[in-house]
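To keep things clear, I will list the structure first and then write my remarks on it.
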Amino acid sequence: MISVVIPFFRSGELLGEAIESVFNQTEKDWELILVDNNASDETRLVAEKYLKKNSDRIRLVHEPRQGNAFARNLGIISAVGDYIAFLDDDDIMYPNRLKLQKSALENQPHASLVFGFVDRVSQDNQKILLHGDQSSSFVHFRKCSPEVQKIVRLNFPDPPPSTFFFSKKILNKTGYFDTHLTPFFGEDTDFCLSMYQNGDFLEVNEPIIRFRMPSSEFLKKKRKKSLSRYRMIKNQDYFYTKVIKHIQKKNLLEDPEIQNALSIWKARWLKELGMSFLGLKNGVSFGRKLLVKSFKENPKDFSVLRHFLRSLRSYKKRYLKYGDIQINDEVMEQEIEFLIIENLFTGKHLCEFCELS
């Protein structure tokens, strides 16, 4: 049996489209686990409506701890199937999705995870914006030699979680989602990193889901007061440290190729963080410090200088360029003022959230 896990939060009626796509599968041996992760009343009513009509196929569980990692873990724990398939609450599966992925894994059981192409569609699901989009990869170590890559295995695919399909028993080796990465940011990439250390990934070479590209209004509604910029930074630093520790176990941390890759990765994240703070009323000073730190790590990236010059613009122009519609805040959180930039991405992470995971 396949256990399809859909965590839901604030998707409203879109959850119904996701559920319908499960019922439309050509593979019929499945159960559906709906994970209520403190959902809005509107979204919960949709889940309860389907549960009432299909209690033999659907189970509804509640995860009070906010975040994708907590919700997906509870879905996995609640599952009775041999296989796990994830689907986000605003995405849609094509009818052959489960059959294709199950067949692929049965033919190559040593693989750790199966994913596939996606069709990126408009918010209203009426238009395909990009057909057959292939998943990205974890790019930060792609310039390392094949010999180094073979040892560290950090060139893994990083597909959308709505395409994840795997055997439940492999979690005995890999572990579950890391709940430090809460409420969301990096938990999917971290999960892929763990899975890839225990087997290659298989890719279904055709679209298996319709991946909804959310409008800015939908994102604001979905993520209002649920995403902290401070927590995102801490999560990034935490994941960077996990990768450092992984490399240390392979005895390659001092390798020049690895050191160069780490430096470029660190510079990129410092630049991206710096850019995000330029969109805040009181974030310019902090953003500039991050940009300077980024340029010191990678002086070859002259785009950092361009962003630094843009920091001299008025707040209105800066917000239009750098404002974050997902977080939708205008001022920097007070906790961020006490972040020590020199301690970011050093591989020595420690924070108040570590004890909560």
Side-chain angles (χ1 to χ4, degrees), residues 1-37 39-63 68 71-106 113-128 131-133 159-168 204 206-214 218 222:
M1 179 188 287
I2 301 168
S3 296
V4 181
V5 176
I6 304 180
F8 63 95
F9 184 37
R10 295 174 180 166
S11 56
E13 291 295 331
L14 300 184
L15 175 61
E17 294 184 45
I19 294 173
E20 288 289 349
S21 75
V22 181
F23 277 89
N24 290 335
Q25 291 298 296
T26 55
E27 169 64 54
K28 299 303 181 182
D29 189 16
W30 55 260
E31 65 166 352
L32 176 57
I33 311 293
L34 297 175
V35 185
D36 180 350
N37 195 204
S40 62
D41 292 341
E42 173 193 15
T43 311
R44 187 176 294 112
L45 285 174
V46 174
E48 291 174 346
K49 178 183 74 174
Y50 279 91
L51 175 65
K52 187 176 181 179
K53 294 180 179 179
N54 305 279
S55 59
D56 58 325
R57 304 298 299 272
I58 298 176
R59 282 186 288 135
L60 177 60
V61 294
H62 179 231
E63 175 51 76
N68 289 335
R72 292 193 182 117
N73 284 347
L74 180 60
I76 294 169
I77 293 169
S78 304
V80 299
D82 298 316
Y83 301 103
I84 303 292
F86 288 131
L87 183 66
D88 285 352
D89 58 357
D90 55 352
D91 291 335
I92 298 167
M93 297 197 290
Y94 282 121
N96 283 338
R97 182 251 170 116
L98 296 181
K99 180 171 287 187
L100 287 170
Q101 290 186 294
K102 180 182 178 182
S103 175
L105 195 54
E106 286 179 339
L113 185 143
V114 185
F115 63 103
F117 294 180
V118 305
D119 282 342
R120 297 185 181 271
V121 300
S122 57
Q123 171 72 32
D124 60 7
N125 191 33
Q126 296 302 305
K127 184 179 180 181
I128 295 179
H131 174 66
D133 187 26
S162 281
T163 68
F164 288 10
F165 185 100
F166 54 91
S167 170
K168 186 176 180 180
V204 175
E206 64 179 83
I208 58 174
I209 67 162
R210 293 174 74 89
F211 184 91
R212 200 182 302 265
M213 301 300 292
F218 180 75
K222 187 173 184 178

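Between Thr43 and Ser11, the shortest heavy-atom contact is OG1-N, 3.3 Å. Of all heavy-atom pairs spanning Asn68 and Asn37, the tightest one is N-OD1, 4.4 Å. The nearest pair of heavy atoms linking Ile209 to Ser162 is CD1-CB, 3.5 Å. Minimum interatomic distance between Asn24 and Pro95 (heavy atoms only, all atoms of both residues): O-CB, 3.5 Å. Summarising the geometry of Pro159 relative to Phe164, their closest heavy-atom pair is O-CE1, 3.4 Å, with the distance given to 0.1 Å. The heavy-atom pair separating Gly12 from Val46 by the smallest distance is O-CG2, 3.7 Å.
With a 4.5 Å cut-off on side-chain heavy atoms, Phe165 and Leu100 do not count as touching. Under the 4.5 Å side-chain criterion, counting only non-hydrogen atoms from C-beta, Asp82 is not in contact with Lys168. Looking only at side-chain heavy atoms (C-beta outward), Val61 and Ile77 stay at 4.5 Å or farther from each other. Considering only heavy atoms from C-beta on, Leu74 stays 4.5 Å or farther from Ile33 through its side chain. Contact check for Pro7 versus Arg72: side-chain heavy atoms found under the 4.5 Å cut-off. Under the 4.5 Å side-chain criterion, counting only non-hydrogen atoms from C-beta, Phe8 is in contact with Leu60.
Residues passing the side-chain hydrogen bond (donor to acceptor under 3.5 Å, both in side chains) test with Thr163, sequence neighbours excluded: none. For the side chain to side chain contact (heavy atoms under 4.5 Å, CB included) test, residues two or more places apart in sequence or in another chain that qualify with Ser167 are Tyr83, Leu105, Lys169. Checked against side chain to side chain contact (heavy atoms under 4.5 Å, CB included), Asn54 has the following partners two or more places apart in sequence or in another chain: Phe23, Tyr50, Asp56, Ile58. With sequence neighbours excluded, the residues forming a side chain to side chain contact (heavy atoms under 4.5 Å, CB included) with Asp124 are Ser122, Gln126, listed by chain and number. Every residue two or more places apart in sequence or in another chain that forms a ring-ring contact (aromatic ring centres under 6.0 Å, His included) with Phe86 is listed here: Phe166, Phe177. For Arg120, the side-chain hydrogen bond (donor to acceptor under 3.5 Å, both in side chains) partners are Asp133, not counting sequence neighbours.
Note that CG of Leu34 is 11.0 Å distant from OG of Ser78, once rounded to the nearest 0.5 Å. In this structure, the separation between OG on Ser40 and CG on Leu45 is 8.5 Å, given to the nearest 0.5 Å. Note that CE of Met93 and CD of Gln25 are 4.0 Å apart. Values are rounded to the nearest 0.5 Å. With values rounded to the nearest 0.5 angstrom, Phe115 atom CZ is found 8.0 Å from Leu113 atom CG. Note that the CG atom of Leu32 and the OG atom of Ser3 stand 9.5 Å from one another [nearest 0.5 Å]. Atoms CD1 and NZ, on Ile19 and Lys53 in that order, are 11.0 Å from each other to the nearest 0.5 Å.
At a cut-off of 3.5 Å, with distance as the only test, a side-chain donor of Tyr94 or Asp119 sits close to an acceptor on the other residue.
Within 6.0 Å of atom NZ in Lys28, more than 12 heavy atoms from other residues, nucleotides or ligands are found, so the atom counts as buried in its surroundings. Counting heavy-atom neighbours within 6.0 Å of His131 NE2, excluding the residue itself, gives a total of 12 or less.
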* Give the C-alpha distance, both sets of side-chain angles, the deciding distance and a yes or no for side-chain hydrogen bond (donor to acceptor under 3.5 Å, both in side chains) between Asn125 and Arg210. => CA-CA 8 Å; Asn125 191 33; Arg210 293 174 74 89; 2.7 Å; yes
* Stepwise, does the side chain to side chain contact (heavy atoms under 4.5 Å, CB included) test hold for Val5 with Val35? -> CA-CA 7 Å; Val5 176; Val35 185; 4.1 Å; yes
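Side-chain atoms of Glu27 come within 3.5 Å of backbone N or O of Asp29 as a donor-acceptor pair. Side-chain atoms of Gln101 come within 3.5 Å of backbone N or O of Val114 as a donor-acceptor pair. Between the side chain of Asp36 and the backbone N or O of Arg44 there is no donor-acceptor pair closer than 3.5 Å. In this structure, the side chain of Asp88 does not engage the main chain of Asp91 through any donor-acceptor pair within 3.5 Å. Side chain of Ser21 to main chain of Ala18: a donor-acceptor pair is present (N/O by atom type, distance under 3.5 Å, no hydrogens or angles). Under the 3.5 Å distance criterion, the side-chain polar atoms of Lys127 are left unmatched by any main-chain donor or acceptor of Val121.
Between Glu31 and Arg59 there is a salt bridge, since at least one side-chain N of the basic residue sits less than 4.0 Å from a carboxylate O of the acidic one. Looking at Arg212 and Glu17, a side-chain N of the basic residue comes within less than 4.0 Å of a carboxylate O on the acidic one, giving a salt bridge.
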